[in-house]
Protein chains: 2
Amino acid sequence: MKEKELRRSLAVLPMGTVMKLTSLTARQIRYYEAQGLITPERSDGNRRLYSLNDVDRLLEIRDYLADGVNIAGIKAIYDQQQAATKAKQSAQQQPLTDEDVRRILQDEFIRQGGLGHPNSGIQRPF
Amino acid sequence: MKEKELRRSLAVLPMGTVMKLTSLTARQIRYYEAQGLITPERSDGNRRLYSLNDVDRLLEIRDYLADGVNIAGIKAIYDQQQAATKAKQSAQQQPLTDEDVRRILQDEFIRQGGLGHPNSGIQRPF
DNA sequence: CTTTCATGTCATGTTTCCTAACATGAAAGT
DNA sequence: ACTTTCATGTTAGGAAACATGACATGAAAG
């Protein structure tokens, strides 16, 4: 599941490809970017690089506009979505792994007297 | 299922994208084309356009070469595959739809005496 | 030790994409 | 009725990516 997400967010598609996939003009796509609706990456040579997720978002934008929603409205929708996602993330309090549990228990033990040395376990980068 | 096939054979990816997706050089990709292993489409401005199927094939070619198969060998494999596919297609005798059955029955009736007019049914383009 | 194979590199021209500016028709305000 | 705003079109000049063709090369094959 992680693999597919990575592929979908891989920014490799240049303007011409995205134009064909979305049937939008370059002008439109750049304008939506200027309005803060998308933020494509850039190549070394400063050319825009889009991911499949970006393409999906552009298709969404296209549909919203076709439905009469203006750009400010679309931005509001995305801002709201982002806020909701962020709230959910911080509320999720990600579940502890067995590894975490062991480490925490060990720390507890060490603080209240110490048994076994703290640095004997597996090193975790974060 | 038909939809996905279409998308996978949609030729929209330019050289730079394919280079990134396959980690092949432009020289390699063009060489494989010169050897008849792939046949990308061309844009109006004569630039190569690849589909996801093409990318898959390039990845295959890369793997074959890494395994010591030379280009003639890879071509032989593809020629053989194509022959097999073609044979299977002609043997498959694609199943008739209800619509086909009705049309054939009607033609039969018409030829052996006629009941109902031939052009009263639904028009099918092919 | 010369050929072949797969690829690298360079030169030169064309196409695509960049930014920035001005133009425009349809809505919306005043 | 006139002026802004919005979303998009168009044009211009420059930079990046891509095209083809030629020559170079190391490894393998003959």
Side-chain angles (χ1 to χ4, degrees), chain A residues 10-79, chain B residues 10-79:
Chain A
L10 229 181
V12 289
L13 310 175
M15 182 55 88
T17 301
V18 176
M19 290 171 64
K20 284 172 203 142
L21 292 177
T22 62
S23 57
L24 293 168
T25 66
R27 183 70 176 86
Q28 288 175 303
I29 296 170
R30 297 199 194 103
Y31 181 64
Y32 304 153
E33 177 183 350
Q35 302 307 310
L37 293 183
I38 35 166
T39 312
E41 314 211 343
R42 294 289 183 135
S43 73
D44 279 353
N46 195 38
R47 316 191 86 142
R48 274 164 261 253
L49 290 179
Y50 298 87
S51 70
L52 287 176
N53 282 330
D54 291 331
V55 171
D56 284 347
R57 168 161 287 214
L58 285 169
L59 290 172
E60 267 184 33
I61 293 170
R62 181 164 68 80
D63 292 348
Y64 277 130
L65 284 171
D67 285 358
V69 181
N70 68 7
I71 288 195
I74 300 172
K75 189 154 40 176
I77 291 169
Y78 287 149
D79 287 355
Chain B
L10 229 182
V12 289
L13 310 176
M15 182 56 86
T17 301
V18 175
M19 291 172 63
K20 284 173 205 144
L21 291 177
T22 61
S23 58
L24 293 167
T25 67
R27 183 71 175 86
Q28 288 175 304
I29 296 170
R30 295 197 195 103
Y31 182 63
Y32 304 153
E33 177 182 350
Q35 302 307 309
L37 293 183
I38 35 165
T39 312
E41 313 210 345
R42 296 288 183 135
S43 73
D44 280 353
N46 194 38
R47 320 200 83 154
R48 274 165 261 254
L49 290 178
Y50 298 87
S51 69
L52 287 176
N53 283 330
D54 290 331
V55 171
D56 284 346
R57 168 161 289 215
L58 285 169
L59 289 172
E60 268 185 33
I61 293 170
R62 181 163 67 80
D63 292 347
Y64 277 130
L65 285 170
D67 285 357
V69 182
N70 69 6
I71 289 194
I74 299 172
K75 190 154 41 176
I77 290 169
Y78 286 150
D79 286 356

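Lettering follows sequence order; numbering is per chain, from 1. Quick note: numbers below take in every heavy atom, side chains included, and nothing from hydrogens, waters or symmetry partners.
Residues from residues 26-46 of chain B that place a heavy atom under 4.0 Å from any atom of DNA chain D, listed by number: B/R30, B/R42, B/N46. At a non-hydrogen distance threshold of 4.0 Å, A/N70, A/I71 from residues 59-76 of chain A come into contact with DNA chain D.
Atom CG in B/L49 sits roughly 13 Å away from atom C1' in D/dA19 (whole-Å rounding). Whole-Å rounding puts the B/L24 CG to C/dT7 P distance at 8 Å. One atom, CG of A/L13, and another, C1' of C/dT16, lie 16 Å apart when rounded to the nearest Å.
Atom CG in A/L58 sits 11.0 Å away from atom CG in A/N53 (nearest 0.5 Å).
The closest donor-acceptor contact from the side chain of A/T17 to the backbone of B/V12 lies under 3.5 Å.
Here the side chains of A/R57 and A/D54 are not in contact, with every heavy-atom distance at 4.5 Å or above. Using a 4.5 Å heavy-atom cutoff, the side chains of B/I71 and B/L65 are in contact. Looking at A/L21 and A/L59, their side chains never come closer than 4.5 Å, going by heavy atoms from C-beta outward. Looking at heavy atoms from C-beta onward, B/R62 lies out of side-chain contact with B/Q28 at the 4.5 angstrom threshold. Residues A/L49 and B/K20 meet the side-chain proximity criterion, which asks for heavy atoms closer than 4.5 Å.
Here B/Y78 pairs with B/E60 under the side chain to side chain donor-acceptor pair (under 3.5 Å) rule; sequence neighbours left out. Listed by chain and number, the residues in a salt bridge (Lys or Arg N to Asp or Glu O under 4.0 Å) with B/D56 are B/R8 (sequence neighbours excluded). Every side chain to side chain contact (heavy atoms under 4.5 Å, CB included) that A/E33 has, sequence neighbours left out, goes to A/I38, A/P40, A/R42, A/R48, A/Y50.
For A/R47 against D/dA16, a side-chain N or O and a base N or O form a donor-acceptor pair under 3.5 Å.
In DNA chain D, stems built from 3 or more consecutive Watson-Crick or G-U wobble pairs, each with both distances under 3.5 Å, span C:1-30 with D:1-30.
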